[in-house]
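Heads up, the thing below is written out as structure tokens.
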Amino acid sequence: MVRYDPASAEPKWQKAWDEAECFKAHDEGGKPKYYVLEMFPYPSGKIHIGHVRNYAMGDVIARFKKAQGFDVLHPMGWDAFGLPAENAARDNGGHPREWTYGNIEVMKSQLKRMGLAIDWSREFATCDPEYYVHQQKLFLEFLKKGFVERRESLVNWDPVEMTVLANEQVVDGKGWRSGAPVEKKSMSTWFFKITERADDLLEALDDGRLEGWPAHVKEMQRNWIGKSEGLKMAFPLSGSDLPQDDLPIYTTRPDTLYGASFLGVAPDHPLAKHYASTDPKVAAFVTECAAQGTSEADIEKAEKKGVRLPVTGRHPFTNEELPVYACNFILMQYGTGAIFACPAHDQRDLDFARKYGLPVKPVIQPLGGHGTDLKATAEPSCETDDGRTEAHTGPGTMIHSEFLNGKSTDEALPAAIEKIAEMGWGEGTTNYRLRDWGLSRQRYWGCPMPIILCGDCGTVPVPDDQLPVGLPEIDPSEFKTPGNPLDRDCAKAWREVSCPKCGKDAKRDTDTMDTFVDSSWYFARFASQPEDEPVDKAQADAWLPVQQYIGGIEHAILHLLYARYFTRMMQECGYTEQSEPFTNLFTQGMVTHATYKDEAGNWLFPEEVEVRGKDAFTVDGGKPVKIGAIEKMSKSKKNVVNPMSMTDNYGADAVRFFMLSDSPPERDVEWTEAGAEGAARFANRVHEAIAKGEGLLRSTGAPGADLSDELMALRRKTHKTIDGVTGDIEHFRFNKAIARLYEFLGALKGLKTDGDAAPVAAEALRVLTQLTAPFMPHLAEECWAMLGGEGLCADAAWPKADESLLEDDVVTLPVQVNGKRRGEIKVSPDASQDEVQKIALEQDDIARSLEGKTIRKVIVVPGRIVNVVAG
RNA sequence: GCGGGCGUGGCGGAAUGGUAGACGCAGCGGACUUAAAAUCCGCAGGCCUUGGCCGUGAGGGUUCGAGUCCCUCCGCCCGUACCA
């Protein structure tokens, strides 16, 4: 018998699919539409095993939905702008464009080798001018509608490299390459006013529009938007050289106002900056904070520190003068950048108060237990039972708070707001953690802003007939110089233009757009790509929203929130009826691999290592190798495998199959060679089983009604497998679908293919082939052809389970005594509870276990279990 | 720090509150072979002498019954706004 040979079969069937235009989406036609999309890849050089997992999942869905009769759109493209292309140009010479398109070519051929059911006719890269011209048009439309504006913002500035740094490029407050302390610099940049949509973005998480999203992703977005109800109020200031009369603060805990012991402002708050200009101590502190990382984690994890400012603020209720500090844990971007601190009921405030000897005034008596004898005191309080001291941030009863005394915290909150509003000091307000989306990037390899900056007219849109604003040709050597080449002489001719409004000398905006903009509407462009506008509404809405979106959890917040926001803006501009882009979302886990180190502690690639049992050795030399932790694949630890060499070894089907077989798709999966071998073995076993039924689909009809028990059992197994695998695919339980395929293949052992058995075998083998097809599409075609199936397996209709064959005529029920399994009984599935109870109590093992005991209760769960309670 | 996730045999993992360990990997035994590879068949959570006992990160709780629900704790991973 001929063994299955993926190396010859896979290219053969890929060609057959191509020629039949099997996976082309049809805009016209009466079939229901289904849009399945995986997050498009960044063209980094070659495909990663993580891509294989992602696209294998989408491919299962695409093929499954096609078989179920849908007109499927399953496109592919490239998220092609971004910093790595410039880094590559700097390090290796060449132009970012060449590097990017070269990578795309390689990765496309690699994806094709995977045999994915993709409609390649809709492919584009975001760096194609034909794509970004429409992005520039959208930007200008959004500008006209007031969704975008230009304003000042702070960035990480590397004074040596003369460039803006990403947060990840700031290490310990220093630039990653130069090592120079990073400065915070103010620049005029563009913002999408996403905060204006915060409420709708939040509401849609709960009003049913995103029912098909994982709850945890919605929770993450909810927290990210961070809506809070609170109080905005101003504390009147006194002191020398006052730049402002009062200090507006924001708090979500106005109930703790009587516990206030100081006021705090962010280090980059105008008040702090004002005193920094005259007081060296304040200046030193502000500079120190500016050097601290800008990321939220850095700020929150840093030791709580501050510096006293020469002002005090008057407490509106007590008239007490509270000291004002600049504190490193206050964020200028959140609220008003200023707070009142209540150390007794906020941990950060308490840490700070301890350090600087500030009073701690408890005003909430915790519910129940400890803390009942609290007094207003300058000492740290709220001791817990084990002697630690921590702030009580939970609910309780108000004390030492005049008009609030005796109220619960829930009652005190609105009461305090009302009183402050009455007195005219402030008002209740809603605040969001979400900030506007700054989209300007001081980089070359991105979509240019279609804006001209004129000294007289300000920001002027580039006229429509001059779009796209392309990237100027730049000599590759320019990328060796740090900073944005668009700002330098090499781009002078491109940059210096006359103002379209007044005709005077002006210059282009040299910033390019955040690459998140590129990925915020690509899914719409896949659905419809007219030449003269971003999308055609009718055509786009025929496909949108994406029914199934699949990608990494790392995009749970930013990309998905931005895409949701963009869809709303496009809706308002009349490009779609939709407000939400993705109906169902699935977030898949990462691919991990063991790490290896040689005796000297150097990382080794998996192909340099031979694993024998629990030990490992180098391939050349046989020196001992230390096996380390199983971790996310990363170049630095060399624990990466090349999907293409794996495909050479085992076949694309086996690689795809293994990626889906071992772990639930939302969880991380560990790549192992043994697993890929197992998948290849499965392919061979299927091929072998099918070979027994060669031509059977041509030579035999449907199974008859009068069959032996054995053949009936096989038919039941066949139909139960259809039912199970169908449900598993629908619910993204690919690992379980595959387990069922293994089980089914096992049940086909010793299959007879003659006489009465022929039609039953034909049915079983056809079902095996078709259920395997979404996972191993090439093998399935080979099997389909062997069985004598008509046309391509990829075009065949999905098998339907016969309901009458899904139930057995006898069920086995476990019987427990006091919750422990003591025996089992066989009963008819429709036996009454009384009958089941009777049979259970008479069963030998059960009767023995019950000897000398009194039966108190018998619980019968139909079709499940019997539990006898006895004592 | 905050937010999210995960924790079950040697390993990946199954299990609408109802037989814990389906299925796979590695392992062991057997068949085939001069031999090996490949393939096929079988065994397999742990502990005690055939029937039990113990077992789902730790500790409590709810229940006739808990891997699953509740509370407390431990460990690991991800996100944290200019990486994509």
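Letters go in sequence order (proteins before strands), and every chain restarts at 1. Keep in mind that what you see is a predicted model, and the values were worked out from it rather than measured.
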| remark: Taking a pair to mean Watson-Crick or G-U wobble geometry with both distances below 3.5 Å, B/U80 pairs with B/G1
| task | Pick base, sugar-phosphate or nothing for A/Arg667, based on heavy-atom distances below 4.0 Å to the nucleic acid. | result | sugar-phosphate
| field | A/Arg433 to A/Tyr334, cation-pi by 6.0 Å centre distance and 45° axis angle | value | no
| field | Main-chain N/O of A/Ala870 paired to A/Asn818 side chain as donor or acceptor, under 3.5 Å | value | yes
| field | Whole-angstrom distance between B/C40 and B/U50, as gauged at atom P | value | 36 Å
| query | With syn defined as a glycosidic torsion within 90 degrees of 0 and anti otherwise, which applies to B/G7? | reply | anti
| request: From the options B/C83, B/A26, B/G3, select the nucleotide whose nearest atom is closest to the side chain of A/Arg681. | output: B/A26
| message | Suppose you measure atom P in B/G79 against the same atom in B/C83; what distance do you get, rounded to whole Å? | response | 12 Å
| message | Would the distance check show the side chain of A/Thr672 and the main-chain N or O of A/Gly675 forming a donor-acceptor pair, the cut-off being under 3.5 Å? | response | yes
| query | Can we say A/Asp346 and A/Arg253 salt-bridge, meaning some charged N sits less than 4.0 Å from an Asp/Glu carboxylate O? | reply | no
| C1' gap between B/A66 and B/U19, integer Å | 15 Å
| query | B/A22, B/A84, B/C64: which one has an atom nearest the side-chain heavy atoms of A/Glu554? | reply | B/A84
| message | Which nucleotide, if any, forms a Watson-Crick or G-U wobble pair with B/G17, using both distances under 3.5 Å? | response | none
| task | Check every strand shown and say whether A/Asn818 touches a base, only sugar-phosphate, or nothing at a heavy-atom separation below 4.0 Å. | result | nothing
| query | On a plain distance test, is the side chain of A/Arg443 in donor-acceptor contact with the base of B/C82 below 3.5 Å? | reply | yes
| task | Can you figure out which of B/G24, B/A22, B/A14 approaches the side chain of A/Tyr742 most closely? | result | B/G24
| field | Selected nucleotide, minimal atom distance to A/Met590 side chain, candidates B/U80, B/C23, B/C78 | value | B/C78
